[in-house]
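Below is one structure, written out as structure tokens; the observations come after it.
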Amino acid sequence: MSHEQIIWDQALIEKYNYSGPRYTSYPTALEFHEAFTPAEFDMACAQYPDRNLSLYVHIPFCHKLCYYCGCNKIITRHQHKADQYLDALEQEIRQRAALLGERNVSQLHWGGGTPTFLTKPQVSRLMGLLRELFNFAPDAEISIEVDPREIDLDMLDHLRAEGFNRLSIGVQDFNKEVQKLVNREQDEEFIFAMVERAKELGFRSTNLDLIYGLPKQNRELFAKTLEQVLAMKPGRLSIFNYAHMPTLFAAQRKINEADLPAAKEKLAILQDTIATLTGVGYQFIGMDHFALPDDELAVAQRNGILHRNFQGYTTQGDCDLLGLGVSAISMIGDCYAQNQKELKKYYASVNDKREALWKGVSLDADDLLRREVIKALICNFQLDKHDIEQRFDLDFDTYFAEDLALLQTFINDELVTVDERYIQVELKGRLLIRNICMCFDKYLRDRARQQQFSRVI
């Protein structure tokens, strides 16, 4: 991979900076419908019995509300609410394990909310249950999202003892004024201590999350945060774009729009960040992710075997993904399914049926084909037409004539090159990968529903 990983072309970025999906799945969640049945889900579980299993567990609770957040969460100080939740979750897990418990589990991720809202005994209870009902591979990747504000350092020791080997820590920004305005004040010394402790305990990698576009951020201040973050040498970094959608997320109404950086400043922050990170040796994985060259994600991308799912980029591609808990999404067999999004409905459903299916979609042959095309482009910035032709028994240029016509504007702008065999995303096209993938999205064409997505950058 050349030292240069990405080229910033201001004019083209401005030209293409319109809204579009993040393609954590294709078809996207907009295609999920409530006519999807438990029987379809059960059939999907039996479809590829030899596939490894990746488990996702959603813990919805947080101690405090961060104003920027768009996640599915419940703000509470009452620890017993987590006990009640674990009771329901246990019923759901037992029911799903009856279908999938024989599989080999190669990956487990706890997301939220704040999974570390759970006490040590609650963490052990949930982990013990999962180990009792599923077969974990000895080298399984077991990761958890951590909020550095409401946690004791020795919680990391407990997590490590329970088998966790990866951490994702939400930093967002080290600037005190920014933290105050989003109601997320935290102690950077503690974050440094956490990253240090994780290294001592032998966690395989620590991912730090930052957000750009928050109130009062600017190039200079964000560069300082980045400097502090780089002192910790995290294996992976996620730099998320803050999408201000107060009509959709009530908490965001507490953010004063006048404090937000202008679009131009926001792009400048991103440009500086990419230059800084690639300058000190991080590999640009795509969208908002960076990894050190020896990190598994970076290695997988260089080898052309990176994958993408609802948790973002992953090395575990040929897995079925089982989502457990309120709002969790599964990707099993040739279907996607989502659990009830509201806690009351989740409890009622688990109580009545021992499962919480809300909606989903079964993929047809065209969906499966387009999913592979989009995945190749978004993960590896390159697509081998011959490979697709052999796997799906078709003539690529004929089948995708309409899509290739839409791609022409990107070809004219030298963002993409297409020859007899390959579609290659050029260095200056990489930041616009979502737009490029949109050319192959049949659903997007069938209905002009652009307005529902956040801007790509």
Side-chain angles (χ1 to χ4, degrees), residues 1-6 22-26 52-56 105-111 137 139-146 164-171 195 198-199 202-212 226 229-230 232-241 270 273-321 331 371-372 374-383 424-425 427 429-431 433-434 436-437:
M1 185 156 187
S2 70
H3 172 64
E4 192 150 26
Q5 303 171 28
I6 192 162
R22 300 184 64 80
Y23 294 115
T24 48
S25 75
Y26 179 86
N52 278 352
L53 197 58
S54 171
L55 300 175
Y56 170 75
V105 175
S106 56
Q107 189 179 40
L108 166 66
H109 181 72
W110 290 14
D139 62 342
E141 176 185 300
I142 303 179
S143 59
I144 185 169
E145 293 167 19
V146 175
F164 286 90
N165 51 32
R166 290 178 180 277
L167 291 180
S168 189
I169 303 174
V171 172
V195 172
K199 280 183 188 152
F203 277 87
R204 267 195 254 169
S205 85
T206 300
N207 175 80
L208 298 183
D209 291 339
L210 301 176
I211 298 179
Y212 70 96
L226 212 52
V229 163
L230 288 174
M232 294 185 262
K233 277 222 68 144
R236 296 177 190 176
L237 273 168
S238 309
I239 318 275
F240 293 108
N241 162 24
L270 179 64
T273 298
I274 291 170
T276 302
L277 292 177
T278 53
V280 295
Y282 280 84
Q283 187 169 314
F284 174 73
I285 301 293
M287 313 258 286
D288 23 45
H289 286 71
F290 299 81
L292 287 174
D294 58 353
D295 186 273
E296 289 167 42
L297 276 190
V299 175
Q301 186 175 53
R302 291 196 301 273
N303 294 337
I305 53 170
L306 190 65
H307 291 269
R308 191 162 166 73
N309 65 20
F310 293 102
Q311 279 125 60
Y313 291 100
T314 172
T315 53
Q316 311 264 336
D318 299 312
C319 287
D320 274 343
L321 170 68
M331 198 165 150
R371 175 166 81 177
E372 289 305 303
I374 287 171
K375 188 167 81 177
L377 291 170
I378 207 162
C379 291
N380 303 310
F381 298 126
Q382 179 181 327
L383 172 94
Q424 182 77 42
V425 180
L427 295 179
R430 290 185 171 188
L431 273 178
I433 190 63
R434 284 161 76 176
I436 291 162
C437 291

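Note that these values count all heavy atoms, side chains included, but never hydrogens, waters or copies made by symmetry.
Every residue two or more places apart in sequence or in another chain that forms a ring pair (Phe, Tyr, Trp, His ring centres under 6.0 Å) with Y313 is listed here: H289. A376 is linked by a side-chain contact (heavy atoms from CB on, under 4.5 Å) to L383, counting only residues two or more places apart in sequence or in another chain. Partners of E296 according to the salt bridge (charged side-chain N to carboxylate O under 4.0 Å, His left out) rule, which considers only residues two or more places apart in sequence or in another chain, are R166, R204. In this view, D320 and R51, R103 satisfy the salt bridge (charged side-chain N to carboxylate O under 4.0 Å, His left out) rule, not counting sequence neighbours. Residues forming a ring pair (Phe, Tyr, Trp, His ring centres under 6.0 Å) with F290 (at least two apart in sequence, or on another chain): F284.
I274 places none of its side-chain heavy atoms less than 4.5 Å from the side chain of I239. In this structure the side chain of Y212 never reaches within 4.5 angstrom of the side chain of T273, judged on heavy atoms. A 4.5 Å side-chain heavy-atom check between L230 and T276 finds at least one atom pair inside the cut-off. Side-chain contact check for T315 versus L297: some heavy-atom pair is nearer than 4.5 Å. Looking at heavy atoms from C-beta onward, V195 lies out of side-chain contact with P234 at the 4.5 angstrom threshold. With contacts defined as side-chain heavy-atom distances shorter than 4.5 Å, the pair N52/D318 does not qualify. In this structure, M287 and Y23 have side chains that are not in contact, with every pair of non-hydrogen atoms separated by 4.5 Å or more. Within the 4.5 Å cutoff, side-chain heavy atoms of R22 are placed close to those of D288.
Inspection of the S54 and Q316 side chains reveals no N or O donor paired with an N or O acceptor under 3.5 Å. Between the side chains of H109 and E141, no donor-acceptor pair is found at a separation under 3.5 Å.
Note that OG of S25 is 9.5 Å distant from CG of N309, once rounded to the nearest 0.5 Å. In this structure, CG in L237 is found 11.0 Å from CD1 in I285, a value given to the nearest 0.5 Å. For the atom pair CG of L53 and OG of S106, the computed distance is 7.5 Å after rounding to the nearest 0.5 Å. A distance of 9.5 Å separates CG of L306 from NZ of K375, quoted to the nearest 0.5 Å. Atom CD1 of I374 sits about 11.0 Å away from atom SG of C379, to the nearest 0.5 Å. For the atom pair L167 CG and S205 OG, the distance stands at 8.0 Å (nearest 0.5 Å).
In this structure, K199 places its NZ atom where more than 12 heavy-atom neighbours from other residues, nucleotides or ligands lie under 6.0 Å away.
Looking at every heavy atom in both residues, V299 comes nearest to P293 through CG2-O, 3.7 Å. When every heavy atom of R371 is checked against every heavy atom of Y26, the shortest pair comes out as CD-O, 3.5 Å. The shortest heavy-atom contact between G286 and F381 is CA-CZ, 4.0 Å. Contact detail for A298 and Q283: the closest heavy-atom pair is O-NE2, 3.2 Å. Closest of all the heavy-atom pairs between Q107 and T314 is NE2-OG1, 3.3 Å. Nearest heavy atom pair, residue V425 against residue R430, reads CG1-N, 3.8 Å.
Here salt bridge (Lys or Arg N to Asp or Glu O under 4.0 Å) pairs that include residues 303-312, with residues two or more places apart or in two chains, number zero.
Among the candidates L208, N207, T206, V146, the single residue satisfying the side-chain contact (heavy atoms from CB on, under 4.5 Å) test with S168 is N207.
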